[in-house]
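To start, the structure itself, in structure tokens.
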Amino acid sequence: MKFMKLGSRPDTFYTTEAVRSVSSEVSSDLIIQVKGSRYMLHKFPLLSKCMRLQRICSESPETLQPQIIQLPDFPGGIEAFELCAKFCYGITITLSAYNIVAVRCAAEYLQMTEDVEKGNLVYKVEVFFNSCILHGWKDSIITLQSTKAFSLWSEDLGITSRCIESIASKVLTHPSKVSLSHSHSRRVQDDMSCNGAESQRHQQTIKGWWAEDIAELSIDLYWRTMIGIKSGGKIPSKLIGEALQVYASRWLPNISRKVKTNREATTASTSDSDSAGEVTSKHRLVLESLVSLLPSEKGAVSCSFLLKLLKVANILNASSSSKMELARRVALQLEEARVSDLLIPCLSHSSDTLYDVDIVLTIFEQFMLQGQSPPTSPPRSKLEIERRRRSRSAENVDLEFQEARRSSSASHSSKLKVGRIVDGYLQEIAKDVNLPLSKFIAIAETIPNFSRPDHDDLYRAIDIYLKAHPDLNKSERKRLCRILDCRKLSVEACMHAAQNEKLPLRVVVQVLFFEQARAAATGTKVADLPSNIKALLASHNIDPSKPPGPLSTTTSIPADDEWSNSGIKSPKSRNSRLRTKVAGEDDLDENEMNRDGMGRPSKFKAFCALPRRPKRMFNKLLFINRSGSEKN
């Protein structure tokens, strides 16, 4: 750290009965009061260097008593005033990064300029500031921090802006060319001297050597400094993102625990409530400032970090614009998310759910609105595109087709990953007894069908929800199970579903039939059903080994448990009856959709969309079944 000494005389200031004086053979003729402290000094050394004191004394009448001057708004307090007074007496003073701002503001207040005397304090401080302080990395940061106590004076004198420009310019240069502190410089040089694997491990640290130091700044100064760094255009967005993470870990650690403590303190007294609100406001300002500094490039910060910021925003009740911006950025890289990071606590008084499902639903919807991912090939100029259009060979067409497939496959793979994330999230929130059925279904339906190659995870989420909500009626259970495709269940999931007494009977029959069809296609044997399930099916005259026929008026299954796939492909003689049954079921589904707004299309339509080979296999099964019944 750089410092400068001014003056050569020894310190002769002393205190007597709370009054500061200077040892001299001449009696004092000037009393100056600075923020409650009294100084007994002499006019000659002070007035010869301070224009303000000259003007005050000239405006006052001459008296035999010492003249009293009050300086209530003196910047820097008694420490800065005493340094200025000692400079006037020629007493040695030491300037450094810690006190240069206070002395500079005090000298400006007293008007200790070159107009009064050559080589005055303002000139000497400015020389030291420009030639030494601004050339040092640590000195610039310490000086910038000290401007917080004299923000208006520092802004008017240009101290703050010059420190920020100095710091930003040093960040844009290599650390070997920056005048660092001894310990910091040695650490960076040691990192740079490493080679091999050790060098690779420290390479990122070297590039972001500045992040930890500027993280000590207050948020307003940090924000201005980061704007200056970003405007240089030389720092990669990845390093900007890492610097923001360093600052967040420094100023927003364990924020949920702090806010909880502050909320408990609010019940104690009004003063505690005010202090807690002040702390929360400061944290909210930090969060919203960090959100505004996030680089626009995708991947500059991790998805986990963005979700942590979103959790903090929820806890601090940040502005809706900050929450939506974080949700949008999370959606851009949602495939990197972890289910645990999506479990954002809900602190709203209008909702009793454990987690904020609405903000996560917004994230999923934003993800689906993105469309295709950008092409992996570099962008081509308009001239090149026109040239390709004029002379396009078969090879070029094939190349463009492969590029388009790479682009769409990247989007497809990300949606597959997000599909697994959605189902994992559903399994976690399904345990919440206060979670409405409509929100569970809304989240499950945010992703397209192809994002779920299998429905095992979705079935687990439904099973957990049914166990946590035993009071669901038959209509609600039917509505919940409509999002499940039994054809995409594994053998293990099918066997579990077949024994699940909480599922609607229609779903159990559906699962059993598809399992029978799968066994017939592969030539394997279906495991025996538990006795309670057999008894339940027998009570409704259902044989799980046979495909369910069209439900007629003699069917013993209750209306609420009718199987929506009753219109499975059958011989031509039954076509008219099947059409009638499917139409009736579609009407039932439309009526339910009108009541709750969450209806689903008939599962018969989904079944009709099956490839032709499975349909033929089901026709054979039905034909065998009918032949056997005719023989009997």
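All heavy atoms count here, side chains included; hydrogens, waters and symmetry mates do not.
- The shortest distance between side-chain heavy atoms of Lys311 and Lys308 does not fall below 4.5 Å.
- No hydrogens or angles considered: nothing links the side chains of Thr353 and Asp432 as a donor-acceptor pair under 3.5 Å.
- The main-chain N or O of Ala498 is never found under 3.5 Å from a side-chain atom of Glu515 such that the two would form a donor-acceptor pair.
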Worked check of side-chain contact (heavy atoms from CB on, under 4.5 Å) between Leu306 and Leu294: CA-CA 10 Å; Leu306 291 172; Leu294 289 172; 3.8 Å; yes
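- If you take CG on Leu354 and CD on Glu428, they are separated by 11.0 Å, rounding to the nearest 0.5 Å.
- Gln499 contributes a side-chain N or O that, together with a main-chain N or O of Met495, makes up a donor-acceptor pair within less than 3.5 Å.
- Side-chain contact between Phe367 and Ile447 is absent, with no heavy atoms from C-beta onward closer than 4.5 Å.
- One finds no salt bridge joining Lys415 and Glu335 here, because no Lys/Arg side-chain nitrogen approaches an Asp/Glu carboxylate oxygen to under 4.0 Å.
- Among all heavy-atom pairs drawn from Pro504 and Cys481, the shortest one is CD-SG, 3.5 Å.
- Under the 3.5 Å distance criterion, the side-chain polar atoms of Asn434 are matched with a main-chain donor or acceptor of Asp352.
- Remark: the Ser322 side chain and the Ser319 side chain contain an N/O donor-acceptor pair separated by less than 3.5 Å.
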Candidate pair Glu242 and Gln245, rule side-chain hydrogen bond (donor to acceptor under 3.5 Å, both in side chains), full reasoning: CA-CA 5 Å; Glu242 291 177 358; Gln245 293 185 52; over 6 Å; no
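- Summarising the geometry, atom CG belonging to Leu316 is positioned 9.5 Å from atom OG belonging to Ser281; distances are rounded to the nearest 0.5 Å.
- Using cut-offs of 30° and 60° for the angle between ring planes, the His496 and Tyr459 rings count as perpendicular.
- In this structure, the side chain of Asp356 does not engage the main chain of Ile344 through any donor-acceptor pair within 3.5 Å.
- Distance CD/Glu336 to CG/Asp341: 11.5 Å, rounded to 0.5 Å.
- Nearest approach of Gly241 to Pro295, heavy atoms of both residues: N-CG, 4.1 Å.
- Looking at every heavy atom in both residues, His469 comes nearest to Leu435 through NE2-O, 3.5 Å.
- Other residues, nucleotides and ligands place more than 12 heavy atoms under 6.0 Å from the NZ atom of Lys323.
- Side-chain N/O atoms of Ser302 and Ser304 include no donor and acceptor closer than 3.5 Å.
- Here the side chains of Leu361 and Lys439 are not in contact, with every heavy-atom distance at 4.5 Å or above.
- Although no hydrogens or angles enter the test, the distance criterion places a donor-acceptor pair under 3.5 Å between the side chain of Lys298 and the main chain of Leu332.
- For the pair Gln427 (side chain) and Ala461 (backbone), a donor-acceptor distance under 3.5 Å is absent.
- A distance of 9.0 Å separates OG in Ser340 from CG in Leu307, rounded to the nearest 0.5 Å.
- Scanning both residues, Leu347 and Asn314, for their nearest heavy atoms gives CD1-O, 4.0 Å.
- Side-chain contact between Arg482 and Lys478: present, with at least one pair of heavy atoms (C-beta onward) separated by less than 4.5 Å.
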Ile462 and Phe440: CA distance, side-chain angles, deciding distance, side-chain contact (heavy atoms from CB on, under 4.5 Å) verdict: CA-CA 9 Å; Ile462 293 175; Phe440 183 91; 4.3 Å; yes
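- Remark: the backbone N or O of Ala331 is paired with a side-chain donor or acceptor of Gln370 at under 3.5 angstrom.
- Side chains of Ser475 and Asn473: a donor-acceptor N/O pair is absent below 3.5 angstrom, by distance only.
- Formation of a donor-acceptor pair under 3.5 Å by the Tyr247 side chain with backbone atoms of Glu216 is not found in this model.
- In this structure, Leu309 CG and Arg329 CZ are separated by 10.5 Å, a value rounded to the nearest 0.5 Å.
- Not one N or O on the side chain of Tyr465 forms a donor-acceptor pair closer than 3.5 Å with the backbone of Ile429.
- When atom types are taken as modelled, the side chain of Lys488 and the backbone of Arg452 share a donor-acceptor pair closer than 3.5 angstrom.
- Annotation for Ile240 and Lys230: closest pair CD1-CG, 3.9 Å, computed over non-hydrogen atoms.
- For the pair Arg479 and Glu476, the salt-bridge criterion is not met [side-chain N within less than 4.0 Å of a carboxylate O].
- With contacts defined as side-chain heavy-atom distances shorter than 4.5 Å, the pair Leu458/Val422 does not qualify.
- Checking Ser289, Ser292, Ser218 one by one against Trp223, the side-chain hydrogen bond (donor to acceptor under 3.5 Å, both in side chains) holds for a single residue, Ser292.
- Taking the side chain as every heavy atom from C-beta outward, Tyr222 and Leu244 approach each other to under 4.5 Å.
- Between the NE2 atom in His455 and the CG atom in Leu489 there is a gap of 8.0 Å [rounded to 0.5 Å].
- The side-chain heavy atoms of Ile359 and Leu326, taken from C-beta on, include no pair separated by under 4.5 Å.
- Side-chain contact between Leu426 and Asp423 is present, with at least one heavy-atom pair separated by less than 4.5 Å.
- The two residues Val357 and Ile443 have their closest heavy-atom pair at CG1-CD1, 2.9 Å.
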Audit row: Cys346, Tyr355, side-chain contact (heavy atoms from CB on, under 4.5 Å) steps and yes/no: CA-CA 5 Å; Cys346 181; Tyr355 304 109; 5.5 Å; no
Derivation of the side-chain contact (heavy atoms from CB on, under 4.5 Å) call for Val246 and Trp251: CA-CA 9 Å; Val246 171; Trp251 294 97; over 6 Å; no
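- In summary, Asp463 and Lys467 engage in a salt bridge, as defined by a charged side-chain N under 4.0 Å from a carboxylate O.
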